[in-house]
Participant: 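Attaching a single structure in structure tokens format; questions to follow.
Just so you know, these numbers use all the heavy atoms, side chains as well, and skip hydrogens, waters and symmetry mates.
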Amino acid sequence: MKIPYELSSSLDRTPLLVASAPGRIDFLNTHQDYKGLPVVPVAVNLRTYVAVLSESYNFQVISLNLKKEGAEFQDVFSATNPELHVRGWWGNYLRAVVIALEKYRGLKLTRGFKAVIYSEVPIGSGLSSSAALEVAFLKALDAHYNLGLSPEEVAELAFLAENRVAGIPCGRLDQYASSLGGAILLYPKPPVRVEKLEIGKLNLIIADSGIRHSVADIHPKRQAELNEALRTLYSMDDIPPDVKAKIKPSLDETLWDQLSFDELEGYLSRLPEKLAKRVTFTLLMHQSTMRVVESLKTGRVDLNLIAYEVNYQHELLRDLYDVSLPELEKIRSAMLAAGALGVKISGAGLGGSLLGLTQPDSNVQHKILEEAMRAGAQRGWSVRVDRGASIDFRLS
């Protein structure tokens, strides 16, 4: 498999191995994985690479991207007793992975290695740069130390590293998409289930707004709002018992997949408007996603249906979850006017990237990207569905 020139040209020796993992687009059911609802991520061919150069007593890792930016680009940490560094330090994702290996799988490492990292996945753009880094690093550890981890185990350990060890309130969507690749229907609530989806050769455009955001700044607020809404609904004595049985005082216990908007509509009007919007979003977003999934399971890829639901889901994100911005709307309008069939936020929102769905015409894709940049996007890509985490090179 091809290794990027930016990585290969920086190495002063032949690496022992090169592992990589893809970024992902948040295709359908955005902001639903932390509620336990099934989501549809798609891995794309923007990847993060980890080149293992040699064994070492400690882990010694260099980020080529940060070096190019003039930022602190090297992290050195213990292989046998790693600890997290100051909050916000990029190396914490790697340290958390090593901690998770021992904490959740009992795999204690005795040595580290020297490695160089290069990523095509832009940071903070809604394409899951952190998960791609975690999964690629875990894939390198798995291959170098012959740990025998399955793709699902890699995904779960990467999730535990970010969520439980590093304390970042993410769901499982990113790590499973990066590890398994392709298009998947992920049921993130334990026991986790994954179904492969055939979505054909969809033509996808990603426009990066250049506006940076943090999941840690968005998810906790929406989660708190939903929990407040659920506590209020749970306290209502006149909700029918069969409906009440599906509602719990917290979002991770509520049986969202068994609730419908029609069942709750009459009671939502008694909530503060913002809280009602959050619950309405959750129910309508899920119904939209399942319409597409049910269509795909028939073996037919209906581009018009997918495009309709992509646009509808963006409107839900904008109007009911309040995670769009005027700058994003300007870029989206330009993409639609240039020929995109559907455009939606990919990721947590309030910045990051927009995902565009197009007809199979390279001229249209070029025009959409061009118009997105004119409208304020900082960069963009025409991407395809890609494989999951892989070993791209191994010294024989």
Participant: Excluding sequence neighbours, so at least two apart, what forms salt bridge (Lys or Arg N to Asp or Glu O under 4.0 Å) with Arg374?
Facilitator: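 Counting only residues at least two positions away or on another chain, Arg374 forms a salt bridge (Lys or Arg N to Asp or Glu O under 4.0 Å) with Glu370, Glu371.
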Participant: Taking only residues two or more places apart in sequence or in another chain, which ones pass ring-ring contact (aromatic ring centres under 6.0 Å, His included) with Tyr267?
Facilitator: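 Residues passing ring-ring contact (aromatic ring centres under 6.0 Å, His included) with Tyr267: none at all.
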Participant: Which residues pass the ring-ring contact (aromatic ring centres under 6.0 Å, His included) test with His366, sequence neighbours left out?
Facilitator: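 In terms of ring-ring contact (aromatic ring centres under 6.0 Å, His included), with neighbours along the sequence ignored, His366 is linked to no residue.
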Participant: For Asp75, give me all partners under side chain to side chain donor-acceptor pair (under 3.5 Å), at least two apart in sequence or on another chain.
Facilitator: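 Asp75: side chain to side chain donor-acceptor pair (under 3.5 Å) contacts with Trp89, Arg95.
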Participant: Taking salt bridge (Lys or Arg N to Asp or Glu O under 4.0 Å) as the test, write out the residues that go with Arg387, two or more places apart.
Facilitator: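 Scan of Arg387 (salt bridge (Lys or Arg N to Asp or Glu O under 4.0 Å), adjacent residues dropped) gives Asp392.
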Participant: Identify, with sequence neighbours excluded, every residue that meets side chain to side chain contact (heavy atoms under 4.5 Å, CB included) alongside Asp33.
Facilitator: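 Asp33: side chain to side chain contact (heavy atoms under 4.5 Å, CB included) contacts with Val39, Leu173, Pro188.
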Participant: Listed by chain and number, what are the ring-ring contact (aromatic ring centres under 6.0 Å, His included) partners of Phe137, not counting sequence neighbours?
Facilitator: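 With sequence neighbours excluded, Phe137 shows a ring-ring contact (aromatic ring centres under 6.0 Å, His included) to Phe59, Phe113, given in chain and number order.
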Participant: Please give the remaining members of the hydrophobic cluster of Met373, linking ILVMFWY side chains under 4.5 Å, ordered by chain and number.
Facilitator: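 Members other than Met373 - counting any ILVMFWY side chain reachable under 4.5 Å - there are none.
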Participant: Lys189: which residues meet the salt bridge (Lys or Arg N to Asp or Glu O under 4.0 Å) condition with it, sequence neighbours left out?
Facilitator: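 Here no residue qualifies.
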Participant: Can you list everything that forms a side chain to side chain donor-acceptor pair (under 3.5 Å) with Lys139? Sequence neighbours excluded, please.
Facilitator: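 Side chain to side chain donor-acceptor pair (under 3.5 Å) check on Lys139 returns nothing, list empty.
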Participant: Atom CD1 in Ile239, atom CZ in Arg270: separation rounded to 0.5 Å?
Facilitator: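 Nearest 0.5 Å value for the CD1-CZ distance: 7.0 Å.
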Participant: From the options Ser130, Ser128, Ser179, Ser129, select the one residue that forms a side-chain hydrogen bond (donor to acceptor under 3.5 Å, both in side chains) with Asp174.
Facilitator: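 The residue from Ser130, Ser128, Ser179, Ser129 that satisfies side-chain hydrogen bond (donor to acceptor under 3.5 Å, both in side chains) with Asp174 turns out to be Ser128.
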Participant: According to ring-ring contact (aromatic ring centres under 6.0 Å, His included), does anything in residues 276-312 pair up with another residue at least two apart or in another chain? List the pairs.
Facilitator: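 Non-adjacent pairs meeting ring-ring contact (aromatic ring centres under 6.0 Å, His included): Phe281-Tyr321.
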Participant: Report the residues that fulfil salt bridge (Lys or Arg N to Asp or Glu O under 4.0 Å) with Arg394, sequence neighbours left out, ordered by chain and then residue number.
Facilitator: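 Checked Arg394 against salt bridge (Lys or Arg N to Asp or Glu O under 4.0 Å); zero matches.
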